[in-house]
Each structure stands twice: as structure tokens, then as C-alpha cells.
Amino acid sequence: MNKINFSFSNWLLYTILIIVYFIYWNGLDSAFILDDIVNLSNIGQYQYLGKWNDFLIFLLNGDSGPTGRPISLASFYLNDNVWAGAEPFDFKYTNLLLHLLNGILIFFFIIQITRLSKLEVHFQTWLPPLITSLWLVAPLHTTTVLYVIQRMTELVTLFTIISLIIYLFLRDKIIQQQYKNIYLYLIFFILNFILAVFSKENGILIAIYILILEYTIINNHEKNKILKKIHLIFGWIPLLLIFLFLLKAGFLDNHSRSYSTIERLMTESRILWDYLFQIIIPKSSYISLLHDDFTVSSNIFNPLTTFFSISGIMALLISAWKYRIKAPIFSFGIFWFFGGHLLESTTVALELYFEHRNYLPMLGIIIIIAYYSLKIIQQKKYTYVISAFLATYIIILGLNTYNLSLKWTKPIEMVSSWLENHPNSQRTLEALDYLIGEKISINDRQKLLNLLDKSAKKSNSDSYLVFRNLTIHCKQNTLTFNNLQNATHELKQSGFVLATPSVFAGFLNEWSNTDCGELSTDTMLRFIEDIKKITHLQKGTFPHTLAYWQGEVQVRQGNLDEAIKAFEASYQLHKDLDLLLLQAMYLHTAGLDEAAEKKLQLASD
């Protein structure tokens, strides 16, 4: 690329960065929501132990994934070290800056790809800014940039792209036999690889991306012994580990989902096509944080689209492999998209559908769109039409993203709009129920609860609603022994949902604070014991939550020995420092200082 063209591309990049900055600006002034609160409310919880200890505890207590994601957690702590009074704007502003930085990195990554592909100056000039523009303004990214907790996705993307840029630079040095400082570059590559994995587990997919680059874009380049060793260590071995992990996660591990691994794989085939359509022709009204209403495929023909989705994916992958020499850009884009979804959209028992999973994978599809559009222009066919189309397309995407960003400033209206387009989404109903609180009339609240009831019964997850109704009775001071008996009976026929433990805890907390209906501690302990006997509900954090509240009720009853046993059982299920400190406090209050000291020592260790 000559100097003039490179300068021109840079100015286009600066322009789009400024535009995207202002597209998201209004959305930064929006609240924390859903998992933001769940995952970040522990910031500053242990300030009394010293800031450094509080920081370490926050990092080491991360449970979002197998690694704990300490790099991402550390970034949140840098925004604010105390949750009380934390400003969402500061967190979201950091997210936006990371998004823009990722755009800059993608720009330089595409420059490397155009050079490796030996594309003409026309492509080297226009592809980097065009691809970067399409990626930066994509409406799907609003649920990543403005959802604070998805900084994890932004950070793993940051370190992934840096790793790939370093890898291509390192590879070029090896091919040219310029071995000076080669180990320094290798150390930088390994460091970023590690940072990516400990930001979010998707960082391991760097191995997939390297192999995709090697077998598509760089397919005709020579290889030497050093490169073969690098491919083995950072490509093939991690790929083998990924497949072993996916087999274990899908077919050996137990999980609490209502569908099997095979059903999940069939369903994900349809979801991947849904992602593709949302990337190419985004429907803003459909974009949401929550898609738990997506119909699960029970077999290859139910729904019928399952068969066509699986067939379509197989056709794309076979075509991508077959034409990897003749059409390396097409091959690269297809493999990049599906490779990027390998971890979260296959056998691991995560929730089925999340838009943020497309943050980096969508780059493959955007590269295909941009490259073949420019190819048509280069051939002097429909030049003005395609140019006008691309400009209009980017403007429409930007306006959609701007409007979606504005919606985030009014969370109740935003979640209400999600509900209009996802009427069977129980989690959206739950989110709306939480946001509205007591701000609506009794009649409107009853309508909302009726919708919750209908959704819960359809998804066989009405354990949430059982405890939610008990909480309402408690707040109205109308809770009776019969309510608990009926609840126990209903729970035996109810399905488990991830929100069940938290709404149960909310009910017990309400009872503890208000004595609703004047139910005795004996009655509440029997109720907890009855729930513990319902085996199909003993999933996720529920056993730990039940044991904890059993302890709290025992304390309220004055039975400290039994309370400590319950707290200890809860601690064994979930190593929570707070449980040790809580036991120490109760023991000290009872004058059992020696036992309290042992708990504090254990917490200190």
C-alpha cells in the first residue's frame, strides 16, 4: 500500500471512530442491569480488610467461568473499588473506549490480511476502513458495549486480535529468516494468549484462528520447522484440548438444562443462522439481552428448519474447505465465523442464545461482504450502485445502533420493548418485574404476574413463580401455613430455573425482616427441609442457598449449634468468605471467642 493510500485509510478510520464515539455517547448515561449487579456488587465488599486484600478476594472469587476471568474483574475494579455509589457511566465509558480500540486493532489486522493475500492496492486501500466501519457500527454490539459485564467479551477480543497481529508479524520474521529478537515476539504472543484466556475462556480460540489463517489466507506460503512447532504448540494441541473439553462438557458432565446435548446442538444450528441474518440484515426490534424463548429442536425435523439449518451449515463448511485456494477470503470468513462460535455454541451447557457471542465471529461475515462488494466495484460493474449501497448500509446500521443506544437510557421502556418481541421470554418478564418493582398499580402488577405464570408453565420453570408469589404474600402480610403447604406441593411439579435460588433468598429475606403472617421459625425450617427433599430442584446454587438460610433461621430460633452446622454445610458447597466471617460474628456474639478466632483464621488463610 503506498503512503497516500495508507494516509487516506487512516483518515477514514479516524472519522468512523469519532462517529461511533458519538453514536454510543447518550447510551453511556444508563443504569447497571441484570448480570452487572450480580457480578459486580461484591466490589469493595471487604474494604475493611484493606484495599489490596479486597482486590485479591474480588479477583479470586470470580465464578463466571472455569478461569474466574481475573483480568476482566481487575478492569472493573479499576473503574471503582466500591460498589456503593459506583457510576455506570464510568464503566460504560471504559467499555466504549475498548470497543473503539478493538476497532483500531481490527483495522491493522485487516491490513496484514490484505498484504498476506497479495490483494491489489484497491483492496488494500478500502478493505481495512470499510470492514472496520461495518464492524464498529453493528447494532448487535449494543448488547456488548452498553452491558457492563460484557467487557469480558471486549477484553478477550482485544488480546485475541493483538495475539494474531503479533503471530502474523512473528511468522513473517521466521519466513524471512530474521531471527533477531524472535523470542521477544514469542514472549509477547504467549503473554497476550494468557491474558486472553484469563479475560474469558474464548481466548483459547486463538488457536482456531491461527489454523484458519494458515489454511485459508496463508495457504500457499512456505513452512519451516520453527513454524511447524508453533502450529503444534499454539494450534493443534489447543484444538485437541478444545475438542476433548467439548466432548466432556456435552456428554460426561451433568448440567441443569432442560434439553440434552444433542437437542442443544440441533438448536444452535438454527441460532447460528439467526445470528447470520441479524449480522447482515439486523432487525433492531429483535435485539435483546435475553432470548430464553427460543424454541428448542426436539429432533432433526422438529421444527423443520432444524434440518435445513444443519444442511446449510454443512454446505457452507464444505464449500469453504473446497474453495479455500480459489476463494481464500470466502473460506476465511466462513471458518472464522463458525470457529468463533465453537466454544459457546456447541456442547457446553450455557444459555442457548446471546448476541454478544458474535462480537468477534461476525468479523468473518463482514470481511466477506466488504471484499465481494469491492470486487464488484473493481470490475466496473454497478460501481455507483454498490458504492451508494455500502454508504447507505453503513448509515442505516449507525442509525439503528444510535437508536438502540438511546433505549438503554430508559431501562423499563427498553425491557418492555424486549417483552413485546419476546412475549414468551420468562427472563425478560423477570427483568421487567424487577425493574418495575412497586412502581405500578396493583392491576398492572397482576397482569404482569399472569404473564409470568403463563411463561413459567410453558417453560416448566415455575419454581421461580412459586417463591415470587410467596414474597408477594409476605409483603402483603397475608402469608399463611397453607400457602407454604401449597407451595411445597407445586414445587414438586415445578421445573428448576437459574433464578430460583435468588428469588427464594428474596422470600426468606422478606420473611426475616417483616415476620410476614407471623409464621414461626419451626414452620420455616420444615418448609426448607421439605424443599431439600425435592431432588430435581437441587441444582446450581440452590443447595448452598438452602443451607445458608437454614442457618439464618436457626440463629433466629436461638439454636447456634445447628446454625453453625448449616453454615458449614453451605460453605462446603460454595467457598464464600462471607460465610466464615458470619460464623465468626455469631460465635463472638455468643461469647465463643476461641471458636470465632478459628473461623477468622480460616478466612485469613
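Because the structure is a prediction, the values reported are computed rather than measured.
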Sub-4.5 Å side-chain heavy-atom contact between Y359 and H141
yes

Assess whether side chain to side chain contact (heavy atoms under 4.5 Å, CB included) is satisfied between F91 and R151, documenting all intermediate values.
CA-CA 9 Å; F91 288 79; R151 184 180 303 173; 3.9 Å; yes

Check: F507 ring centroid to H473 ring centroid under 6.0 Å:
no

Is the distance between the ring centroids of Y46 and F58 less than 6.0 Å?
no

Y93 versus N79, side-chain donor and acceptor atoms under 3.5 Å:
no

Pair M414-I33, side chain to side chain contact (heavy atoms under 4.5 Å, CB included): steps then yes or no
CA-CA 11 Å; M414 178 177 70; I33 189 172; 4.0 Å; yes

Hey, does the side chain of H536 reach the backbone of S494 with a donor-acceptor pair shorter than 3.5 angstrom?
yes

Pair E268 + R264: basic N to acidic O under 4.0 Å
yes

Do the ring planes of F189 and F193 sit parallel (below 30°), tilted (30 to 60°) or perpendicular (above 60°)?
perpendicular

For F527 together with W511, are the ring centres under 6.0 Å from each other?
no

Does either side chain, that of Q550 or that of E529, offer a donor lying less than 3.5 Å from an acceptor on the other one?
yes

Do the side chain of S512 and the main chain of L508 share a donor and acceptor less than 3.5 angstrom apart?
no

If only side-chain N and O atoms count, and only distance matters, is there a donor-acceptor pair under 3.5 Å linking Q557 with D522?
yes

Main chain of D561, side chain of Q554: is a donor-acceptor contact present, judged purely on distance under 3.5 Å?
no

State plainly whether the residues E568 and K599 are in salt-bridge range, i.e. N to O under 4.0 Å.
yes

Report the C-alpha distance between L290 and L34 in whole Å, list the side-chain angles of each, state the deciding distance to 0.1 Å, and finish with yes or no for side chain to side chain contact (heavy atoms under 4.5 Å, CB included).
CA-CA 10 Å; L290 305 167; L34 301 174; 4.1 Å; yes

Measuring centre to centre across the rings, with the benzene-like ring taken for any Trp, is H341 within less than 6.0 Å of Y275?
yes

Might you work through the ring pair (Phe, Tyr, Trp, His ring centres under 6.0 Å) test for H574 and Y548, ending with a clear yes or no?
CA-CA 10 Å; H574 181 67; Y548 165 77; over 10 Å; no

H422/H291 under side chain to side chain contact (heavy atoms under 4.5 Å, CB included): CA gap, chis, key distance, verdict
CA-CA 7 Å; H422 300 273; H291 292 267; 3.2 Å; yes

